[in-house]
Enquirer: 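Here it is, the structure, as structure tokens.
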Protein chains: 2
Amino acid sequence: MADFMSREDLDFLLYEWLDVAALTERPRFAEHSRETFDAVLDLSHDMAAKLFAPHNKKSDQTEPQIGPDGKVVLLDEVATAVRAFAEAGLNAGSFDEELGGMQLPHTVSRASMVNFQAANAATSSYGFLTVGNANLLAKYGSPEQIDTWVRPMLEGRFSGTMCLSEPQAGSSLADITTRALPNGDGTYAITGTKMWISAGDHEITENIVHLVLAKAPGGGPGTKGISLFVVPKFLTDGTRNDVALVGLNHKMGNRGTTNTLLNFGDGTFGVDGVDGAVGYLVGEEHHGLRYMFNMMNEARIGVGFLATALGYAGYLQSVEYAKTREQGRPIDVKGPDVAPVPIIEHADVKRMLLAQKAYAEGALALGLYASRLVDEETTAPDEADRARAHTLLEVLTPIVKSWPSQWCLEANSLAIQVHGGYGYTREFDVEQYYRDNRLNPIHEGAHGIHGLDLLGRKVIMDSGAGFAVLADAIGATVARAAAAGGEAATYSEALATALARLAEVTATAWASGDPAVALANATAYLEAAGHIVVAWMWLEQLLAVGDREGAFFSGKRAAARYFFIYELPKTGPQLDLIASCDRTTLDADPSWF
Amino acid sequence: MADFMSREDLDFLLYEWLDVAALTERPRFAEHSRETFDAVLDLSHDMAAKLFAPHNKKSDQTEPQIGPDGKVVLLDEVATAVRAFAEAGLNAGSFDEELGGMQLPHTVSRASMVNFQAANAATSSYGFLTVGNANLLAKYGSPEQIDTWVRPMLEGRFSGTMCLSEPQAGSSLADITTRALPNGDGTYAITGTKMWISAGDHEITENIVHLVLAKAPGGGPGTKGISLFVVPKFLTDGTRNDVALVGLNHKMGNRGTTNTLLNFGDGTFGVDGVDGAVGYLVGEEHHGLRYMFNMMNEARIGVGFLATALGYAGYLQSVEYAKTREQGRPIDVKGPDVAPVPIIEHADVKRMLLAQKAYAEGALALGLYASRLVDEETTAPDEADRARAHTLLEVLTPIVKSWPSQWCLEANSLAIQVHGGYGYTREFDVEQYYRDNRLNPIHEGAHGIHGLDLLGRKVIMDSGAGFAVLADAIGATVARAAAAGGEAATYSEALATALARLAEVTATAWASGDPAVALANATAYLEAAGHIVVAWMWLEQLLAVGDREGAFFSGKRAAARYFFIYELPKTGPQLDLIASCDRTTLDADPSWF
């Protein structure tokens, strides 16, 4: 059976490219060594293989249900896996030792997590959401909140969610209507309905810690009025809080992750003397969105990894299928006397495998690079390095989320195609990966939203400092590649040209000063910038490969070549389009549809 | 509720663009008039809405099963719909009056059928397969076979299948192992296993007529040895023939179409004195593949329509959703005091709708254009016109099948995206369309196979006559558009340039004379040629629109503009790639994956 993640690739990226071992020289990671990192990676793959992968298909085929007692019924295997993950200390992987954490570098934590995501995307999300929630609270919660909610989450006794969307407001948080009214004792009464809440109800943990965006009085209109609250399923004295499961969403994929519609304060589990669910304010009133963005940025990188993991698993499965399935003959030696060959011998099958490899390994490199920036942002000795990492991460985040969501989904489509009719059946796993992955361009900011974020905010922030730091980083790689000569030098020219063009069209898009015109083609901008950034990741990998021989390194070279020859040129027409400030979409009248 | 097909668009394409009414001047269609065509289209939409659409979701959620008696259990609604379709005479729509047919032009028949395909892709396939089977037998079968099998199929008493693939041989028919041994009485004993047989077993009709490819002795190796047989589920005397249902395939989508693994001659229903299933030779021995290609070409156009229909239905649903779902504000007037607008006001949503419109309506135009060529091929008064139509149809067929399969699937992905999280749930229909449509790049020749067919055979056949007739046809439109001035003239230049480039790279690809090199990038060739052909279809539509006003015509102009500005330029890098004769995929070693 095919593996779901390549340890050889992770080792190459972590140790040979990103030099994660060097992080152990920093005080925060001083207790660590390559050996401890390896142990975490070994454990993660092993546990993912034994406790996550085996029920991946079963949890797709046995959707969460609401039982007669109103409780969510999940496969037992889900709870077993989620608990084992927490018990192994992985909820707390990158948390402070003081909180019971392992104080792992963020990069290593993500590399650990991607194993679980590849083995079973749906089940991995329970731990993933808990970690994100705990991270936010550890940063912005009071010491009491940390003791009450974060510690049990890291221990695995509690789990966490993020409650942002409402039925009428997903992309537009300004329109949320969930209310928070002070109860006079420091707590708040929360009333409203939240939609699309993953892991919103289940019996895996003793308690569920909801982080809820709601509007408290006096905050002014729009997003300014939003505050953040902890609203637990059970209060600390064991009382059931008024958080009611209204229904489960039935999805195309990602079915094993319970996805819920929750009512807060509808009286189902009314708490004496409180006209709503009991909520505890996090930080200050009216700053909730800022805190939540901390979690959302982390979640966005995590979604990028989720998409990557599915792309990667599908790639490995289709490689195995292509190596064992015999059909057809080499194109130049047709005829019945020639024995059929494994389909991996056909150029078009190799195209589909190279594309998947370029997408999945390119996305993995991008995600780990971004994770390394998180480590830089928080632990680089030099303040300027931390600031630089912060800015670069801000610029890259929309791409780190969106690019894998788009292209690793395409990888899954190619994985189906390699399998032919078999890939379209539930006998194989690739159709599930394709369904699971289709979620990723939708949640944590829909695809188009990230285009607006990138072109409308990130590249122009601080008078273009965002773009400048990205250009500098890519420029440094281009210079190294040019000096390296050979193939790397050839590609460095292509990348430099594309980057220069991106700078140019960024200015052209904004030349009119009218945001409606500038952003009309923001999605094309996101996609072009994404391809340029991933070309950069491939050039980086090519440099890390150097002139070493062997199948692994030859494969890396071939994927880099594929990306530069087959993929990067796709940005040409996109950049031309942005430069033209075309108004076709902007000017289309709704009546024409 | 959104409609699934636009009659206004069909009328525009059929009457204003393709001038189908002019066909009534030909002897074969002399009994017809626009009124009779309209009556068929009215009936088709009405029946599709009443008997097909209502169980589309239900048949996805209630998969065919094998009952305790070994019979296939389907929803009653499927049988009702399939029978009503036949009883309305639609199995026989374009057949000779002598066979009980309506002698409709092929173009009108396809326009009728696309309504059923859009309303319920899975249920439409039963009639679709029967028609294809009957068409082949009507052409190549003996008079007795026509009486015995074709007439009952057209009446709806029998249904038909095509049995080509085997578990070990899908794309490579040379490798089929099903055998046909003469029984001495003119019949054959058929033994073997056929895979992926749609509508392969069910109780909708009294009998099922399988058209089976098998190898009879003395045919030589490879595809040359293939003969074609009628193998009915029941012999004419009512005896059960030895065709056994081994299993059903469980698919990601298109679930309502029973898809089967069939054993021929395994003894389950052994017929006395015959060592296999009883088969009747169609035409001559060893010419089976040629006959089957007749049906396959028809089926390929039909698959193009199936993909188109799903793209179209998803487009219409997402338009309705975008017009009614309110969220967000115009980008230049943000703020809470401004009321949320329907999301169709946002440029990026309009982009997703224009793309869908350009794909779905472009694909529909392409399919109807190809169908019009079938009418030309068979009924044009002038022999040269018939020959020209035949050649052009040969060249276009791989594109007519593949382009909608690729881009109307993309349209369905965009339809999901417009719906946001809701689109990912089974509460709406678009996720099903996306799953259903993913089949189309796989069956009736996988995507890559059509690239080989187009670049390896069609454009070079008869010393390039295939390409020449396509270039002439496009050239004629370019000339008319140039003369028309305005936007059409602008786009005519872009199309002429792209066409010239396509001609150039066709020659470059074949310059080495080595098919392995020439065809290494055949898929890119297929996709570039497809985009150029659909740009041609949009220029044709733009000319048919002229300067007329009104939302419908403005919408057509906007979609044409979208295609020329956003889509056609994508061919640039593809054509560059083909011109480079790049060997990246060809030279990739299997060990590198």
Side-chain angles (χ1 to χ4, degrees), chain A residues 170-172 174-175 196 221-222 249-252 319 323 327-328 331-332 335-336 340 344 347-348 350-351 353-354 417 420-421 424-426 431 438-439 441-442 446-448 515-516 519-520 523 551 554-555 558 561-562 565-566 569-570 572-573 576-577 582 584-586 588 590-593, chain B residues 170-172 174-175 196 221-222 249-252 319 323 327-328 331-332 335-336 340 344 347-348 350-351 353-354 417 420-421 424-426 431 438-439 441-442 446-448 515-516 519-520 523 551 554-555 558 561-562 565-566 569-570 572-573 576-577 582 584-586 588 590-593:
Chain A
S171 294
S172 172
D175 293 324
W196 311 121
N249 293 310
H250 300 289
K251 295 164 291 170
M252 175 167 69
V319 167
K323 285 183 175 176
Q327 195 172 192
I331 219 151
D332 36 7
I344 201 169
D348 198 56
K350 290 192 277 191
R351 173 187 67 84
L353 297 177
L354 271 176
Q417 197 68 21
Y424 192 65
T425 69
R426 278 119 66 197
E431 67 86 24
R438 185 62 188 80
L439 173 62
I442 298 173
H447 192 67
L519 300 176
T523 299
S554 298
R561 193 175 306 136
Y562 174 86
I565 294 177
Y566 284 70
K570 291 179 181 172
D576 290 346
L577 175 70
D582 185 79
T584 301
T585 61
L586 192 62
S591 71
W592 300 350
F593 297 99
Chain B
S171 293
S172 173
D175 292 324
W196 311 120
N249 293 309
H250 299 288
K251 295 164 291 170
M252 174 166 70
V319 167
K323 285 184 175 176
Q327 195 172 193
I331 220 153
D332 34 7
I344 200 170
D348 198 56
K350 289 192 278 190
R351 172 188 68 83
L353 297 177
L354 271 175
Q417 197 69 19
Y424 192 64
T425 70
R426 278 119 66 197
E431 66 86 25
R438 186 61 189 80
L439 173 62
I442 298 172
H447 192 68
L519 299 176
T523 298
S554 297
R561 193 175 306 136
Y562 173 87
I565 294 178
Y566 285 71
K570 291 179 181 172
D576 291 346
L577 174 71
D582 185 80
T584 302
T585 62
L586 192 62
S591 71
W592 299 349
F593 297 99

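What you see is a predicted model, and the numbers here were worked out from it, not measured in a lab. Sequence lines set the chain letters: A, B, ... in the order given, protein chains first and strands last, and positions in each chain run from 1.
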Enquirer: Would you give the length of the straight line joining atom NE2 of H447(A) to atom CD of Q417(B), rounded to the nearest 0.5 angstrom?
Expert: 7.5 Å

Enquirer: Taking the side chain as every heavy atom from C-beta outward, state whether D348(A) and T585(B) have any pair of such atoms under 4.5 Å apart.
Expert: no

Enquirer: Can you tell me which of G421(A), G572(A), A558(A), P569(A) forms the most heavy-atom pairs within a distance under 4.5 Å of chain B?
Expert: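 The residue among G421(A), G572(A), A558(A), P569(A) with the greatest pair count is G421(A).
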
Enquirer: Can you sort out the partners of D576(B) under salt bridge (charged side-chain N to carboxylate O under 4.0 Å, His left out), two or more places apart, ordered by chain and number?
Expert: R501(B)

Enquirer: State which residue, out of I344(A), V319(A), L353(A), fulfils the side chain to side chain contact (heavy atoms under 4.5 Å, CB included) condition with P590(B).
Expert: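 So, applying the side chain to side chain contact (heavy atoms under 4.5 Å, CB included) to P590(B) and each of I344(A), V319(A), L353(A), only I344(A) qualifies.
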
Enquirer: Looking at NE2 of H250(A) and OH of Y424(B), how far apart are the two atoms once the value is rounded to the nearest 0.5 Å?
Expert: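 Spacing of NE2 (H250(A)) from OH (Y424(B)) equals 14.0 Å.
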
Enquirer: Determine whether the side chains of T425(A) and N249(B) contain a donor N or O and an acceptor N or O closer than 3.5 Å.
Expert: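 T425(A) vs N249(B): no donor-acceptor pair found between side chains.
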
Enquirer: Would you give the length of the straight line joining atom CG of L577(B) to atom OH of Y566(A), rounded to the nearest 0.5 angstrom?
Expert: 4.5 Å

Enquirer: Between K570(A), R426(A), R561(A), which shows the greatest number of heavy-atom pairs under 4.5 Å with chain B?
Expert: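 Answer, by heavy-atom pair count under 4.5 Å with chain B: R426(A).
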
Enquirer: Picking from S591(A), G328(A), S554(A), A446(A), which has the most non-hydrogen pairs under 4.5 angstrom with chain B?
Expert: S554(A)

Enquirer: Going by heavy atoms in the side chains, are W592(B) and L354(A) under 4.5 Å from each other?
Expert: no

Enquirer: Examine whether an atom of L519(B) lies under 4.5 Å from a heavy atom of chain A, and if so say whether it belongs to the side chain, the backbone or both; otherwise answer neither.
Expert: side chain

Enquirer: Can you tell me which portion of K323(B) sits under 4.5 Å from chain A's heavy atoms? Options are side chain, backbone, both or neither.
Expert: side chain

Enquirer: Salt bridge (charged side-chain N to carboxylate O under 4.0 Å, His left out) with D175(B): which residues, sequence neighbours excluded?
Expert: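 D175(B): salt bridge (charged side-chain N to carboxylate O under 4.0 Å, His left out) contacts with R329(A).
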
Enquirer: Any sub-3.5 Å donor-acceptor pair from E431(A)'s side-chain atoms to K251(B)'s backbone N or O?
Expert: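 No, because the side chain of E431(A) does not come within donor-acceptor range (under 3.5 Å) of the backbone of K251(B).
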
Enquirer: Taking the side chain as everything from C-beta on, heavy atoms only, tell me whether P573(B) gets closer than 4.5 Å to P573(A).
Expert: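 They are in contact (side-chain heavy atoms under 4.5 Å apart), so the answer is yes.
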
Enquirer: At their closest point, which heavy atom of A347(B) faces which heavy atom of L586(A), and how far apart are they?
Expert: CB-CD1, 4.0 Å

